[in-house]
Number of protein chains: 2
Amino acid sequence: MVTLAEVAQHAGVSASTVSYVLSGKRSISATTRERVEHSIQQLGYHPNAGARALASSRSNIIALMVPLRTDMYVPVMMEIAIAVATTARTHGYDVLLLTGEEGPAAVRRIAGSSLADAMILMDVELHDERLPLLRESGHTAVLIGLPADRTGLTCVDLDFEATGALCVDHLAGLGHRDIAVIGEAAAVYERHTGFAERTVDGIRAKAQEANVRVLHRPCEGGYAAMAGTLARIFDERPGTTGFVVQNEAAVEPLLNLLQQQGRAVPEDVSVVAVCPEQVATQASVRLTSVAIPAQEMGRRAVEQVVAKLAGRGSDEVELLEPVLTVRASTGPAPS
Amino acid sequence: MVTLAEVAQHAGVSASTVSYVLSGKRSISATTRERVEHSIQQLGYHPNAGARALASSRSNIIALMVPLRTDMYVPVMMEIAIAVATTARTHGYDVLLLTGEEGPAAVRRIAGSSLADAMILMDVELHDERLPLLRESGHTAVLIGLPADRTGLTCVDLDFEATGALCVDHLAGLGHRDIAVIGEAAAVYERHTGFAERTVDGIRAKAQEANVRVLHRPCEGGYAAMAGTLARIFDERPGTTGFVVQNEAAVEPLLNLLQQQGRAVPEDVSVVAVCPEQVATQASVRLTSVAIPAQEMGRRAVEQVVAKLAGRGSDEVELLEPVLTVRASTGPAPS
DNA sequence: GCACAGGGTCGAAGCGCTTCGACTGGCGCC
DNA sequence: GGCGCCAGTCGAAGCGCTTCGACCCTGTGC
């Protein structure tokens with residue numbers, strides 16, 4: 001491995017000069033800079049990450065804690081993770097992948113070892129165990145999601161309340177009076193994942209305002225579960241004409257079952273989904289949907305982290321505005 | 001931050017003794033060990049990762065290069081990544097997430113900076129650009145996938161040839177004589193991704209042996225693409241009674257379209273998929289399938305890496321045996 | 001009773017980098 | 001013409017850890 005000292009020697013300057021060429025923290029004459037850069041090229045020099053981290057107490061690494069839940073919709077997680085990784089690179093950071101497995105202890109480990117300069121937490125619960133540790137450690141962090149108590153925390157998330165409201169608004173505007181919400185798996189509510197509850201809150205509030213009846217039913221992914229849920233919904237509320245689907249894994253089963261039952265979409269029933277654009281456009285019926293801006297969330301989270309590390313931080317909650325796109329799955333309520 | 005020296009002072013021993021307690025590289029008396037461990041607890045000491053990396057030239061980090069292709073089936077990638085991360089932790093390693101974005105340069109950067117002790121490459125192409133750099137750098141690495149030239153490389157992958165053969169074997173055994181293969185998106189073949197071609201090779205070889213006709217058609221995910229592909233297949237080979245589906249995103253559209261066309265599964269046509277178990281069991285028809293052992297692949301890759309780092313390495317290709325599970329989507333060919 | 005082995009501990013020398021203070025020479029300014 | 005100033009460079013002191021050789025002490029074998 002080539003070292004800084006070797007580069008310095010090769011260029012006929014001192015080690016510190018090379019370091020300053022690299023960091024730009026002091027002015028260097030053009031000729032010296034060129035000589036040094038030439039030597040770096042020629043020797044194929046790469047700074048040693050460990051040494052750099054030790055001397056500067058900056059690792060240029062951002063830790064990303066992703067849940068390893070199987071009941072979460074994986075593509076969204078992945079999309080966020082990828083967006084985080086690529087955005088981080090454009091700011092000179094690498095990303096360390098931590099799974100939920102290790103639990104809150106991971107926060108302590110990362111903070112304690114200075115392995116990462118900052119952390120991004122995904123799948124934040126309303127009363128997340130990691131948060132006390134995070135506050136206590138004083139490590140800079142950004143959450144993707146919204147906990148109950150966000151004092152001293154920076155959060156990025158889709159405005160799920162507005163999302164729920166938007167869906168109901170759209171259906172109500174089309175004349176639907178009985179709406180069913182196909183929710184996330186029961187386990188998601190049980191551990192009080194913020195986004196699931198907030199969506200339902202938004203739906204409920206808007207429904208009351210618009211004088212619409214709402215039936216909310218958690219639902220696992222897959223056909224069997226969906227079939228049961230659907231049967232019970234129509235049993236309880238035969239007049240249901242509008243569906244809001246929150247669980248992407250339920251979208252296709254729902255459409256399929258409706259079709260089998262002879263209920264046409266959107267003539268007999270309308271369906272609005274909260275899902276990534278790709279799911280909406282590739283479904284068997286092109287879905288009217290509110291997009292989950294996974295990439296945007298990942299990007300913003302990193303940008304917040306970078307800002308905080310640069311001292312330009314803001315302890316703010318950044319809620320992304322939901323956008324509803326009308327496609328082929330919603331229409332006027334049947335009279 | 002608490003340092004080694006402070007722990008040493010608190011415990012009344014020298015710094016090196018604390019280090020040896022931590023690493024276990026020299027014998028330490030029970031009483032000393034206890035005193036030191038007690039001090040560590042009490043002070044809340046965590047070794048500094050940078051310093052450790054510098055002094056030991058070991059970062060305890062494994063870099064994972066994941067593709068950021070949108071045409072790959074994401075859940076499998078994610079599952080592998082998660083398995084890699086959790087398995088790595090059990091061996092004391094963390095995982096650095098690198099996206100394909102940076103390209104081959106990432107290999108050079110990681111190898112040069114000693115940021116990671118080893119690398120795991122996913123989505124390896126037949127003639128992957130990263131491989132020459134990898135060989136040249138001498139960095140320890142494991143591939144998930146099989147390149148054309150694997151001299152000096154350790155690879156882990158599902159035996160996709162056997163997988164293809166297994167599918168054909170199953171269908172042929174049920175009396176099917178005309179089989180259609182719903183392949184990956186065309187782009188996947190264009191960049192010569194090993195697994196896609198190997199599956200088809202396996203299918204072709206077995207088909208010839210079993211005297212079965214095969215029609216292979218690449219196919220994007222989604223309904224529109226699938227509808228076109230399906231129409232062309234039945235146009236060309238009206239007698240097709242067996243399907244092998246390689247692209248998970250095509251599974252549900254295929255089942256749905258077959259149903260719409262009045263072709264019953266498995267009475268009229270049989271479908272075998274190559275996909276994760278979850279997809280197979282949650283589909284509208286429980287699918288006979290060969291599982292993609294994503295977790296197992298991630299785990300084995302890490303274990304190979306760990307073995308190599310410990311000097312117990314083997315430059316071997318480890319092919320995982322495919323397993324076909326019969327479910328409800330295949331039956332005897334109609335006479 | 002002595003030599004020797006070996007378990008247990010310590011001191012010191014780095015690992016490769018950043019960064020601070022200090023030094024030098026040339027420039028503009030009064 | 002002397003002063004201060006600043007751009008440009010250097011030397012040295014760490015950052016917190018690992019590891020090697022050296023040392024001491026106790027126990028063992030003859």
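Put simply, CD1 on A:I120 and CG on A:L143 are 10.0 Å apart, with the number rounded to the nearest 0.5 Å. Distance check: B:L131 CG to B:L126 CG gives 10.0 Å after rounding to the nearest 0.5 Å.
A donor-acceptor pair shorter than 3.5 Å cannot be found between the side chains of B:E6 and B:H10. Residues A:E34 and A:H38 have side chains that never bring a donor and an acceptor to within less than 3.5 angstrom of each other.
Helix bend of the helix from C:dG1-D:dC30 to C:dC30-D:dG1: the angle between its two end axes, each built from five pairs, comes to 40° after rounding to 10°.
Between A:E303 and A:R299, at least one side-chain nitrogen of the basic residue sits less than 4.0 Å from a carboxylate oxygen of the acidic one, meeting the salt-bridge criterion. Using a cut-off of 4.0 Å between Lys/Arg side-chain N and Asp/Glu carboxylate O, A:R130 and A:D123 are scored as not salt-bridged. A salt bridge is absent between B:K308 and B:D117; no separation between the charged side-chain nitrogens and carboxylate oxygens falls under 4.0 Å. A salt bridge links A:R109 with A:E102; the closest basic N to acidic carboxylate O contact falls under 4.0 Å. Of the charged side-chain nitrogens involved, at least one lies within less than 4.0 Å of a carboxylate oxygen, so that A:D157 and A:R198 count as a salt-bridged pair. Using a 4.0 Å cut-off between a side-chain N of Lys or Arg and a carboxylate O of Asp or Glu, B:E101 and A:R89 do not qualify as a salt bridge.
Along DNA chain C, read 5' to 3', the first and last nucleotides having any atom under 4.0 Å from a heavy atom of chain A are C:dG16 to C:dA22.
For the contact set between residues 105-119 of chain B and DNA chain D, defined by any heavy atom under 4.0 Å, there are no members. Taking a 4.0 Å limit (strictly below) on heavy-atom distances, residues 45-62 of chain A reaches DNA chain D at A:L54, A:A55.
For A:S59 (side chain) and A:L115 (main-chain N/O), a donor-acceptor pair under 3.5 Å exists by modelled atom type. A:R135 contributes a side-chain N or O that, together with a main-chain N or O of A:T151, makes up a donor-acceptor pair within less than 3.5 Å.
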For this session: Under the side chain to side chain donor-acceptor pair (under 3.5 Å) rule, what do A:S19 and A:S16 come out as? Steps first, then yes or no, please.
Result: CA-CA 5 Å; A:S19 178; A:S16 48; over 6 Å; no
For this session: Check the pair A:S29, A:T32 against side chain to side chain donor-acceptor pair (under 3.5 Å), reporting the backbone distance first and the verdict last.
Result: CA-CA 5 Å; A:S29 71; A:T32 307; 2.7 Å; yes
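The side chain to side chain donor-acceptor pair (under 3.5 Å) pairs that include a residue from residues 43-58 of chain B are B:R58-B:Y93, where partners are two or more places apart or lie in different chains.
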Look for any protein N or O under 3.5 Å of an N or O in nucleotides 7-10 of chain D and output each such pair with its distance, or none.
| unit_1 | atom_1 | unit_2 | atom_2 | d |
| --- | --- | --- | --- | --- |
| D:dG8 | OP2 | A:S27 | OG | 3.1 |
| D:dT9 | OP1 | A:S29 | OG | 2.9 |
| D:dT9 | OP1 | A:T32 | OG1 | 2.2 |
| D:dT9 | OP2 | A:S29 | N | 2.9 |
| D:dT9 | OP2 | A:S29 | OG | 3.4 |
| D:dT9 | OP2 | A:T32 | OG1 | 3.4 |
| D:dT9 | O4 | A:R26 | NH1 | 2.7 |
| D:dC10 | OP2 | A:S14 | N | 2.9 |
| D:dC10 | OP2 | A:S14 | OG | 3.2 |
| D:dC10 | OP2 | A:T17 | OG1 | 2.4 |
| D:dC10 | N4 | A:R26 | NH1 | 3.4 |

